[in-house]
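Only one structure is covered here, and it is reproduced in the block below.
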Amino acid sequence: MLDMKFVRENADAVRRGAELKKTPADVNAVLALDEERRSLVTRVEELKQQRNSLSEQVGKLMKARENADSLKQQVRELGDEIKGLDERLAGIEPQLREMLLGIPNIPHESVPPGESEEDNKVLREWGTKPGFDFKPLPHWEIGEKLGIINFEQGAKISGSGFIVYAGGGARLQRMLINFMLDMHTSQHGYQEVLPPYVVNRDTMTGTGQLPKFEDQAYCVKPDDLFLIPTAEVPVTNLRREEILGDQELPLYYVAYTPCFRREAGAAGRENRGITRIHQFDKVEMVKMVRPEDSYKELETLLQQAEDVLQALNLHYRVVEICTADLGFSNAKQYDLEVWAPGMDRYLEVSSCSNFTDYQARRAGIRFRRDAKAKPEFVHTLNGSGLALPRTMIAVLESYQRADGQVTIPDVLRPMFGRDIL
RNA sequence: GGAGAGGUGGCCGAGUGGUUGAAGGCGCUCGCCUCGAAAGCGAGUUUACCUGCAAGGGUAACCAGGGUUCGAAUCCCUGCCUCUCCGCCA
């Protein structure tokens with residue numbers, strides 16, 4: 001969320017930002033409620049000051065064994081008035097917070113303007129589309145033929161949108177996860193964490209999944225816990241409500257987790273195969289950095305995600321997301337889209353975002369530059385490094401052979417132990 | 001799951017109704033001292049919000065939420081968490 005003071009002092013910039021994002025946001029209503037809150041606070045604090053000093057006098061009188069009844073009565077009446085005002089405040093404050101949460105982060109000035117995702121800008125391409133002397137199959141056909149992806153079993157035991165990897169498929173998936181984690185920890189300086197896959201309501205709220213997207217999450221009802229939709233949720237919340245030391249920054253976390261998404265409303269789209277499933281694996285990078293470094297850190301984050309694709313020798317392109325397609329909390333975002341020759345299209349495998357202080361304010365993640373300095377909010381970033389199903393799609397489809405077999409990418413061979421699936 | 005104990009500032013640790021935002025110690029910051037350092041001495045050391053041009057003033061917070069009271073870190077209730085013992089279990 002944005003800082004109330006910032007909204008008050010930069011109302012126009014906030015309005016413009018929401019417009020650019022095509023997100024309706026009633027800034028005036030927020031300003032009005034803020035005004036009301038402040039006048040209420042001022043009044044109630046005055047009354048409390050009176051109560052405190054009168055109450056102190058009561059104490060003195062009673063100690064001196066003098067009669068304090070009329071004073072007591074006076075304080076009691078003050079107390080009633082305070083109670084009323086406090087209750088009104090207690091009603092307004094959550095409402096104000098909620099309205100503030102409805103205002104999106106402001107896009108960075110470098111973000112290209114746009115009307116829809118059509119206006120996203122392809123910045124560059126890496127590698128070339130692989131050529132085939134046969135018609136490349138889509139991954140679901142490869143998967144079924146080789147018996148490494150089983151859709152029926154997934155549907156049987158869990159439901160549509162769940163899959164079972166078997167044999168070389170399961171093994172390849174595990175190797176890919178290993179490979180990514182190893183790269184990010186040993187070459188990119190990340191600390192690996194293995195968080196819980198189920199989190200509480202506060203955690204889901206801290207990163208913004210709740211209350212707005214409750215219908216997208218799987219809920220463990222008796223315990224009011226939620227299956228994580230991405231590792232971003234537990235990992236970003238690791239430091240929730242903390243004040244970090246300057247020497248701790250920048251913090252780089254990488255986590256492998258499964259991700260669970262109900263995808264309510266997404267059913268029936270052109271999502272054959274495993275492009276969009278309810279449970280998938282992902283390696284996620286999360287950064288907490290000093291504000292002045294965040295845009296530089298976004299570039300390295302992007303590069304680190306690209307490194308994975310390059311090591312796997314998969315053709316991809318880098319897309320700069322335009323203002324209209326930018327996520328609600330994002331100030332700037334790049335997507336990596338990998339080429340899937342069997343599907344004849346690009347698939348988003350990574351999304352690298354700079355949230356500036358928007359997410360950190362909501363989650364209360366701060367740092368102190370030195371012992372005397374005021375705490376400041378960190379900037380948070382995250383990026384997939386990478387999403388497994390779509391990486392798997394790209395590998396299967398790009399490395400397929402005329403005989404139906406799939407070659408194992410060079411970098412994975414030592415780990416995998418053989419050169420075909 | 002059963003029984004018990006406990007949750008106070010960066011840390012340790014006092015505090016059971018009235019200038020206690022909180023003793024004392026440690027740590028940390030600044031200053032003095034020193035060629036420099038240590039020791040020693042002195043000062044300072046939570047956060048959020050409101051108000052003010054500023055200096056400053058004020059309110060709130062001792063796990064969280066309610067309650068009692070003129071007044072609560074201190075009393076009562078509920079919840080959460082931690083620890084110990086028992087049970088169960090990958």
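We name chains A, B, ... by the order of the sequence lines, and we start the count at 1 in each one.
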Exercise. Within a reach of under 6.0 Å around CD of A:Glu93, are more than 12 heavy atoms found that belong to other residues, nucleotides or ligands?
Worked result: yes

Seminar exercise, completed: Walking RNA chain B from its 5' end, the first of A:Lys5 and A:Lys83 to be reached, judged by nearest nucleotide, is A:Lys5

For this session: Determine the interatomic distance between C1' on B:C26 and the same-named atom on B:C81; round to the nearest Å.
Result: 27 Å

Exercise. What is the nucleic acid contact for A:Arg369, judged by heavy atoms within less than 4.0 Å: base, sugar-phosphate only, or nothing?
Worked result: nothing

For this session: Could you identify which residues of residues 32-41 of chain A place a heavy atom less than 4.0 Å from some atom of RNA chain B, listed by residue number, or say none?
Result: A:Arg37, A:Arg38, A:Val41

Exercise. Starting at CZ of A:Arg366 and ending at P of B:U46, how long is that distance when rounded to a whole Å?
Worked result: 14 Å

Please set out all donor-acceptor pairs under 3.5 angstrom arising from side-chain atoms of residues 47-61 of chain A, sequence neighbours excluded.
unit_1	atom_1	unit_2	atom_2	d
A:Lys48	NZ	A:Asp86	OD2	3.4
A:Ser53	OG	A:Gln50	O	3.2

Problem set entry | Interatomic distance at C1', B:U47 relative to B:G10, whole Å | 13 Å

For this session: Assign each of A:Gln50 and A:Lys60 to its nearest nucleotide of RNA chain B by heavy atoms, then name whichever residue's nucleotide is nearer the 5' end.
Result: A:Lys60

Exercise. Roughly how far apart, to the nearest Å, are B:C28 and B:G21 at atom P?
Worked result: 28 Å

Exercise. OP1 or OP2 of B:C50 less than 4.0 angstrom from a side-chain nitrogen or oxygen of A:Arg8, does that happen here?
Worked result: yes

For this session: Let me know the distance between CD of A:Glu46 and C1' of B:U51, rounded to the nearest Å.
Result: 10 Å

Problem set entry | C1' gap between B:C11 and B:U59, integer Å | 29 Å

Problem set entry | Length of the line joining A:Glu241:CD and B:A61:P, which is rounded to integer Å | 18 Å

Problem set entry | Separation of atom CD in A:Glu242 from atom P in B:G10, rounded to whole Å | 12 Å

Problem set entry | Nearest atoms (heavy-atom pairs only) where A:Pro107 meets A:Leu20 | CG-CB, 4.3 Å

For this session: For B:G56, give its Watson-Crick or G-U wobble partner with both distances under 3.5 Å, or none.
Result: B:U51

For this session: Look at the side chain of A:Gln49 against the base of B:G58 and say whether a donor-acceptor pair falls under 3.5 Å; ignore hydrogens and angles.
Result: no

Exercise. In whole angstroms, how far is the P atom of B:A48 from the CG atom of A:Asp3?
Worked result: 11 Å

Between protein and nucleotides 78-81 of chain B, what N or O pairs are separated by less than 3.5 Å?
none

For this session: Please measure how far the P atom in B:C83 lies from the corresponding atom in B:U8, and state the result in whole Å.
Result: 14 Å

For this session: Could you note down all residue pairs passing salt bridge (Lys or Arg N to Asp or Glu O under 4.0 Å) where residues 242-256 of chain A supplies at least one of them, sequence neighbours left out?
Result: A:Arg239-A:Glu242, A:Arg239-A:Glu248, A:Asp246-A:Arg290

For this session: Quick one: label A:Asn52 by what it contacts on the DNA or RNA (base, sugar-phosphate, nothing), any heavy atom closer than 4.0 Å.
Result: sugar-phosphate

For this session: Applying side chain to side chain donor-acceptor pair (under 3.5 Å) between A:Tyr252 and each of A:His184, A:Gln304, A:Lys287, A:Glu297, report the one that passes.
Result: A:Glu297

Exercise. For A:Arg43, which contact category applies under a 4.0 Å heavy-atom criterion: base, sugar-phosphate, or nothing?
Worked result: nothing

For this session: Can you tell me the distance, in whole Å, between the CE atom of A:Met4 and the P atom of B:C50?
Result: 9 Å

Problem set entry | Strand partner of B:G31, provided both Watson-Crick or wobble distances fall under 3.5 Å | B:C41

Exercise. Does a salt bridge link A:Lys5 with A:Asp3, judged by any charged N lying under 4.0 Å from a carboxylate O?
Worked result: no

For this session: Could you work out the separation of B:G79 and B:A3 based on their P atoms and round it to a whole Å?
Result: 13 Å

Problem set entry | Nucleotide forming a Watson-Crick or wobble pair with B:G24, both distances under 3.5 Å | B:C12

Exercise. To the nearest angstrom, how far is A:Leu89 atom CG from B:C50 atom C1'?
Worked result: 11 Å

Exercise. If the C1' atom of B:G27 is compared with that of B:G6, how far apart are they to the nearest Å?
Worked result: 25 Å

Problem set entry | Reported OG1-to-CD1 distance for the pair A:Thr236 and A:Ile365, which is rounded to 0.5 angstrom | 6.5 Å

I'd like a list of close polar pairs between nucleotides 70-72 of chain B and the protein, N/O only, cut-off under 3.5 Å.
unit_1	atom_1	unit_2	atom_2	d
B:C70	OP1	A:Arg76	NH2	2.7
B:C70	O2	A:Ser55	OG	3.3
B:G71	O4'	A:Ser55	OG	2.9

Exercise. Should the ring pair A:His278 and A:Tyr218 be called parallel, tilted or perpendicular, given that the plane angle runs from 0 to 90° and is split at 30 and 60?
Worked result: perpendicular

Exercise. For B:U68, which nucleotide in any strand shown is its Watson-Crick or wobble partner with both distances under 3.5 Å?
Worked result: none

Problem set entry | Spacing of the C1' atoms in B:A73 and B:G17 (rounded, Å) | 10 Å

For this session: Evaluate whether atom CZ of A:Arg43 has more than 12 neighbouring non-hydrogen atoms of other residues, nucleotides or ligands under 6.0 angstrom away.
Result: no

For this session: When you get a sec, tell me which of B:U59, B:U47, B:C50 is the closest nucleotide to the side chain of A:Pro375?
Result: B:U47

Exercise. A:Phe355 versus A:Glu232: any side-chain heavy-atom pair under 4.5 Å?
Worked result: yes

For this session: Scan every strand shown for a Watson-Crick or G-U wobble partner of B:A61, both distances under 3.5 Å, and answer none if you come up empty.
Result: B:U46

Exercise. Can you list the steps and then say if A:Leu251 with A:Leu238 is a side chain to side chain contact (heavy atoms under 4.5 Å, CB included)?
Worked result: CA-CA 11 Å; A:Leu251 273 171; A:Leu238 287 176; over 6 Å; no

Exercise. What integer distance in Å separates A:Ile92:CD1 from B:C49:P?
Worked result: 18 Å

Exercise. Side-chain contact, heavy-atom cut-off 4.5 Å: A:Ile243 with A:Phe367?
Worked result: no

For this session: For the residue pair A:Gln216 and A:Arg261, establish whether any side-chain heavy-atom pair is separated by less than 4.5 Å.
Result: no

Problem set entry | side chain to side chain donor-acceptor pair (under 3.5 Å) contacts in which one or both residues fall within residues 96-109 of chain A, not counting sequence neighbours | A:Asn105-A:Thr356, A:His108-A:Ser110

Problem set entry | Watson-Crick/G-U partner (both atom distances under 3.5 Å) of B:U82 | B:A5

Seminar exercise, completed: The Watson-Crick or G-U wobble partner of B:U74, with both key distances under 3.5 Å, is none

